Amino acid sequence: MKPKSKILIIAGSDSSGGAGIQADIKTVTALGSYAMTAITAVTIQNTTGVKSIVPIHHKEISNQIIFTSKDIKPDAIKIGMLHSTKVINSVIRSLELVKVKKIVLDPVMVAKGGTKLIDNKAIQLLKSKLIKKVSLITPNIPEAEILTQTKIKTKEDMIFAASKLIRLGAKNVLIKGGHLDSKIVSDIFVNKKEIKIIYNKKITTSNTHGTGCTLSAAISTFFACGKTLKKSCELATKYVNNSIRSNLNYGKGHGPINHLSSIIINKKFK
């Protein structure tokens, strides 16, 4: 099959392969599209946690975005880990130059093991400038709490936090409900015109490393292929849930999900 669309991923690398750029490339590929990358940081990690982070210089991040896009124009952009104000400003300037309309921002702030991946000044800049430049922002509950300075305990709290992000300038918000103590996961899609709750049964497993990265990459892929943003969110949550259900059980900590869950190989290579 030929790729259906082209996605540029701006994010950090994960040496364990479960999250970040590696998860994004696998997701985009598994859903039938072509992945390009601009790496923002190299993280040394495994399923038990992050050992260290090596940031990439902000000018080189910008060069990756602009040089790649000049040659192969992306249909959509997915943004993940941005670790400093210089990086965020550099990405904003680069986005203005490459002029891609479909942009999904996953505001990555804390790794699964608890390591902080972004500083406070960068969070403020993300809130004041970057969220206005993107089509969709996809925070989980802890990230939404940091961005809105509110406590989230219920679906109503999620809707209130999403509305706050809309008032800050976000066009569309998907707050992921996996952190709520419930047997059903409620992901809530909000914009100025509608509120849509996407329900999925919660799968009990510790193997959920990279679910946020995977979800935003999947949304970007469906969106780039011509689906509406709301439909892209619905399809992406289905893909992530199927990938969690495989329960690969790799590693000694928070294991990865199965990005190959969407693939059926029907060709024989001799």
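As the structure is a prediction and not an experimental result, all values here were calculated from the model. Reckoned from all heavy atoms, side chains included, excluding hydrogens, waters and symmetry mates. Residue numbers start at 1 and run along the sequence shown.
- Atoms CD1 and SG, from Ile219 and Cys233 in turn, are 4.0 Å apart once rounded to the nearest 0.5 Å.
- With hydrogens and angles ignored, the 3.5 Å screen pairs no side-chain donor or acceptor of Glu194 with any backbone N or O of Asn191.
- The number of heavy-atom neighbours closer than 6.0 Å to OH of Tyr34, taken from other residues, nucleotides and ligands shown, is 12 or below.
- Note: the hydrophobic cluster containing Ile39 also contains Ile72 (ILVMFWY, side chain heavy atoms under 4.5 Å, direct or indirect links).
- The shortest side-chain heavy-atom distance between Lys227 and Leu235 falls under the 4.5 Å cut-off.
- Evaluation of the side chain to side chain donor-acceptor pair (under 3.5 Å) rule for Ser246 yields Asn258 as partners, not counting sequence neighbours.
- A salt bridge does not link Lys102 with Asp75: every distance from a Lys NZ or Arg NE/NH1/NH2 to an Asp or Glu carboxylate oxygen is 4.0 Å or more.
- Within the 4.5 Å cutoff, no side-chain heavy atoms of Val42 are placed close to those of Ile53.
- Judged purely by atom type and a 3.5 angstrom limit, Thr228 uses its side chain to pair as donor or acceptor with the backbone of Lys231.
- Residues Ser84 and His58 fail the side-chain proximity criterion, which asks for heavy atoms closer than 4.5 Å.
- Put simply, the side chain of Asp106 never gets that close to the backbone of Val108: no donor and acceptor are under 3.5 Å apart.
- Taking hydrophobic clusters as Ile, Leu, Val, Met, Phe, Trp and Tyr residues chained together by side-chain heavy-atom distances below 4.5 Å, Leu165 shares a cluster with Ile146.
- In this structure, the side-chain contact (heavy atoms from CB on, under 4.5 Å) partners of Lys164, at least two apart in sequence or on a different chain, are Thr148, Thr150, Phe160, Arg167.
- For Asn247 and Thr205, the side-chain atoms include at least one donor-acceptor pair closer than 3.5 Å.
- Side-chain N/O atoms of Asp187 and Asn200 include no donor and acceptor closer than 3.5 Å.
- Of all heavy-atom pairs between Gln64 and Thr37, the closest is OE1-O, 4.0 Å.
- The local environment of NZ in Lys171 is crowded, with over 12 non-hydrogen atoms from other residues, nucleotides or ligands closer than 6.0 Å.
- Here the closest heavy-atom approach between residue Ile21 and residue Ala38 is recorded as CD1-O, 4.2 Å.
- For the 3.5 Å distance criterion, the side chains of His259 and Thr214 qualify, holding a donor opposite an acceptor.
- Closest heavy-atom contact between Lys132 and Leu168: CE-O, 3.2 Å.
- In this structure, Glu143 contributes its side chain and Asn140 its backbone to a donor-acceptor pair below 3.5 Å.
- Follow the hydrophobic side-chain contacts under 4.5 Å out from Leu215 and you never reach Leu8; the two are in separate clusters.
- Side-chain N or O atoms of Lys202 include one that pairs as donor or acceptor with a backbone N or O of Leu180 at under 3.5 Å.
- Side-chain heavy atoms closer than 4.5 Å link hydrophobic residues (I, L, V, M, F, W, Y) into clusters, and following such links, even through other members, never connects Ile188 to Leu136.
- Listed for the Gln45 side chain is no donor-acceptor partner under 3.5 Å among the backbone atoms of Ser15.
- Both Ile137 and Ile195 belong to a single network of hydrophobic side chains, linked directly or stepwise wherever heavy atoms of I, L, V, M, F, W or Y lie under 4.5 Å apart.
- The closest side-chain heavy-atom distance from Leu105 to Ile131 is below 4.5 Å.
- Rounded to the nearest 0.5 Å, atoms NZ (Lys133) and CG (Leu126) are 13.0 Å apart.
- Between the side chain of Asn207 and the backbone N or O of Pro256, no donor-acceptor pair lies under 3.5 Å.
- Glu234 and Lys196 are joined by a salt bridge, as a carboxylate oxygen and a charged side-chain nitrogen come within less than 4.0 angstrom of each other.
- A side-chain contact (heavy atoms from CB on, under 4.5 Å) with Leu82 is found for one member of Ile61, Ile123, Leu125, Val91 and no other, namely Val91.
- Side chain of Ser206 to backbone of His254: no donor-acceptor contact under 3.5 angstrom is found.
- Residues Ser186 and Ile197 approach most closely at CB-CG2, 3.9 Å, considering heavy atoms.
- The side-chain heavy atoms of Leu147 and Pro107, taken from C-beta on, include a pair separated by under 4.5 Å.
- Checking each of Thr27, Thr29, Val28 against Ile25 for a side-chain contact (heavy atoms from CB on, under 4.5 Å) leaves exactly one that passes, namely Thr29.
- The nearest pair of heavy atoms linking Thr40 to Met81 is OG1-O, 2.7 Å.
- Nearest heavy atom pair, residue His209 against residue Ala19, reads NE2-CB, 3.7 Å.
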Trace of the side chain to side chain contact (heavy atoms under 4.5 Å, CB included) decision for Ile92 with Lys129 = CA-CA 8 Å; Ile92 289 169; Lys129 278 193 178 179; 3.8 Å; yes
ask   = Does the pair Ile257 and Leu248 meet the rule for a side chain to side chain contact (heavy atoms under 4.5 Å, CB included), with working shown?
value = CA-CA 6 Å; Ile257 63 175; Leu248 293 179; over 6 Å; no
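- Between the side chain of Lys252 and the main chain of Thr48, no donor-acceptor pair closer than 3.5 Å is present.
- Not one N or O on the side chain of Ser33 forms a donor-acceptor pair closer than 3.5 Å with the backbone of Pro3.
- Two residues are said to be in side-chain contact when any heavy atoms from C-beta on lie closer than 4.5 Å; Ile44 and Val54 meet this criterion.
- Between the side chains of Thr138 and Ser216, no donor-acceptor pair of N or O atoms lies under 3.5 Å.
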request  = In sequence, state the C-alpha distance, the side-chain angles, and the governing distance for Lys78 and Asp24, and then conclude on salt bridge (Lys or Arg N to Asp or Glu O under 4.0 Å).
outcome  = CA-CA 9 Å; Lys78 175 255 158 94; Asp24 295 337; 3.0 Å; yes
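- Side-chain contact between Lys4 and Met1 is present, with heavy atoms from C-beta onward closer than 4.5 Å.
- Ile152 contributes atom CD1, which lies 5.5 Å from atom CD1 of Ile141 (distance to the nearest 0.5 angstrom).
- To the nearest 0.5 angstrom, Lys201 atom NZ is 8.5 Å from Arg245 atom CZ.
- Between Phe222 and Leu31, some side-chain heavy-atom pair lies under the 4.5 Å cut-off.
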